[in-house]
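A short worksheet on the structure shown next.
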There are 2 protein chains.
Amino acid sequence: MTITQLYYVLAVAENQNFTKAAEKCFVTQPTLSMQIQKLEDQLDVQIFDRSKKPIELTDVGRKIVTQARNIVNESYRIQDIVDQQKGFIGGEFKLGIIPTIMPTLLPMFLKNFIKKHPKVKLKIEELTTEEIITRIKDGHLDAAIAATPLEDESIKERVLYFEPFVSYIPKGHRLHSSKKIDVSDLDINDMLLLEDGHCFRDGVINLCKVFKDQSDETFQLESGSIETLIKLSNEGLGMTLLPYLHTLDINDKEKENLHYFNEPSPAREVSIIYHKSELKMQIIEALQDVISGIIRGAIAFQNVKIISPLPKK
Amino acid sequence: MTITQLYYVLAVAENQNFTKAAEKCFVTQPTLSMQIQKLEDQLDVQIFDRSKKPIELTDVGRKIVTQARNIVNESYRIQDIVDQQKGFIGGEFKLGIIPTIMPTLLPMFLKNFIKKHPKVKLKIEELTTEEIITRIKDGHLDAAIAATPLEDESIKERVLYFEPFVSYIPKGHRLHSSKKIDVSDLDINDMLLLEDGHCFRDGVINLCKVFKDQSDETFQLESGSIETLIKLSNEGLGMTLLPYLHTLDINDKEKENLHYFNEPSPAREVSIIYHKSELKMQIIEALQDVISGIIRGAIAFQNVKIISPLPKK
DNA sequence: ATATTTTTATAGCCTAAATTTATAAACATG
DNA sequence: CATGTTTATAAATTTAGGCTATAAAAATAT
């Protein structure tokens, strides 16, 4: 049994296809076929059920894949230990970011980071919280930036900053007149929210006293971007909540519709999250340093008491 | 990097010597030298400091060895998963037993076990609790039988039975006249105990109200075997405590010196212990089954309320 | 200091194993 | 039933792991 064989098993299990898996591994398909057969012979058990199309894992196969993932990931840690020892910060690093953080945070720190750590090849992907969690677990992401806490046992979190929410209340809305508003004023039934799966929505919902009654809605519209959300709100379809950083680059006319919360302001906790195995920890810490440095000062509410919308256990 | 290379690193780290490590791995010394050099080249770091005699690990080397042990052990689990699936119970199994359990328990279950599971090659070693703990952690033991609880995070325990203590009180001792005795009668200052490191001693000490005052002792004698303990006791050097199973095969004259405890009788908890990774779990469960079956009936005190000498947290 | 033993590294060779190309067989799809 | 897709097999090639022999280095004995 070799680490390579286990790696091949993982590739086939993931792609459910020998040919595609072979490409991903940069070897030919017969190589995969033979190596996996050899492993199956040695263990004297079928890992894949080749009669099913597409190929499926057997029951033992599933357990073997879990363990194989373990071993392969742990084997990466050896190079990681060496890198750490040498203070080397480099190599490929896959970072996920949720949509409501991506456009505001990324431009702020990216230039800075690549300047400071030119040897790191950052690969950034916009993903939902749910996608991020699976990808961190299966090793397709090294880390991610998302709203926390997640309360997932195999994922660790390091808080980067707290981002207050700001109400966006268009003219004509019942709350438009009040200068500052309170959390208790919120009513989920006249609020526009981001589409499901975006954690920002989860955060907002938890803020509201009244839960949306899905049975008697006149309309249901969930946008994928905050920009659309603002436009819909302008059309009089309801108020919305914006994360503070988003309010920095909206136009002046729309800025008039911003209503800050009375203290303690509701906020979301934004963290860098990573697998509990702490692989590539040097890069994660480098990211944390750069982002924390940038954010210090960027968020005006530093001294404001905030309440987190997601319950901390 | 291959699992074999990591295994070679472990062997050299353990033996602090390439030649001896090579023997243990059943390969020649040049093979080890080359494979380890190759790994060091690939990682671009020295794992061993060859200038020191005997050979030492470098700082990174130490971390690499820890991780390598991890990976090698986890790789064994793959065959284990297959075995478990097939219900196969066999292969080599290294079991440690503490000295005060060995002579009484082993003859009771060994014959039974090898008859029921002929494919398991049991290798049994008499070891102190301390030795057992290190060897379970470094993978040199698959499981062990010892007095519990150990409260060690990386070791799991399964209670096999509770073994009551019986007082052995020679003629002339202040307690010899009383038929049944009570825990509160014990005084550690006139008791003979097994040598340090044997967990039985730890158990007994915890039973006693008065802790031995080491400053004003007239003599200090700690025997390595229960047989010597009885003989010393006969010489009038003090009373002692025997685990119940030991009282079954002492001679009739000495049996007169046995004094059972009032209920609840003090007892020790005897468990099969193993690494938290649960490697070779089928065999551990097979052992548990056989021993539990044998012990049922062998211990007469089954319905007696007992108190454990070691505090349960 | 020099010889001897012990231990690790190097060189060259051999064998086994991994990978490739080419091709066949099995299977699904139109 | 023909065609495209996918996996398995065969033979050739390259690579890697292992061995023997031996050199080099270090420790120990003379």
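To find a chain, count down the sequence lines: A is the first, B the second, and so on, and within it residues start at 1.
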Interatomic distance, [X] [atom1] vs [N] [atom2] [rounded to whole Å]:
X	N	atom1	atom2	value
L32(B)	dT20(D)	CG	P	14 Å
R50(A)	dA25(C)	CZ	P	19 Å
F48(A)	dA26(C)	CZ	P	22 Å
Q35(B)	dT8(C)	CD	P	17 Å
Q46(A)	dT7(D)	CD	P	14 Å
F26(A)	dT20(C)	CZ	P	12 Å
F18(B)	dG18(D)	CZ	C1'	16 Å
D41(A)	dA16(C)	CG	C1'	16 Å

Q) Taking atom types as they are modelled, is there a donor-acceptor pair under 3.5 Å from the base of dA8(D) to the side chain of Q29(A)? A) yes
At less than 4.0 Å, is any side-chain N or O atom of [X] found next to OP1 or OP2 of [N]? Yes or no.
X	N	value
N17(A)	dT5(D)	no
S33(B)	dT8(C)	no
T28(A)	dT19(C)	no
Q37(B)	dT10(C)	yes

When I132(A), I101(A), L106(A), I98(A) are each screened for side-chain contact (heavy atoms from CB on, under 4.5 Å) with I145(A), the one that passes is I101(A)
- Using a 4.0 Å heavy-atom cut-off across all strands, classify Y8(A) as base, sugar-phosphate, or nothing. sugar-phosphate
>> So I55(B), base contact, sugar-phosphate only, or nothing? Heavy-atom distance under 4.0 Å.
In response: sugar-phosphate
*Using the six-membered ring wherever Trp is involved, compare the ring planes of F113(B) and H117(B) and label them parallel, tilted or perpendicular (cut-offs 30° and 60°).*
tilted
Which of R135(A), E131(A), E14(A) passes side chain to side chain donor-acceptor pair (under 3.5 Å) with H140(A)? Answer is E14(A)
Please determine whether side chain to side chain contact (heavy atoms under 4.5 Å, CB included) holds for the pair L6(A) and L39(A), giving the CA-CA distance in whole Å, both sets of side-chain angles, and the decisive distance to 0.1 Å. CA-CA 8 Å; L6(A) 298 179; L39(A) 181 63; 4.2 Å; yes
Less than 4.5 Å apart, side chain to side chain, heavy atoms only: is that true for I283(A) and D142(A)?
no
By nearest-nucleotide position on DNA chain C, the 5'-leaning member of P30(A) and P30(B) is P30(B)
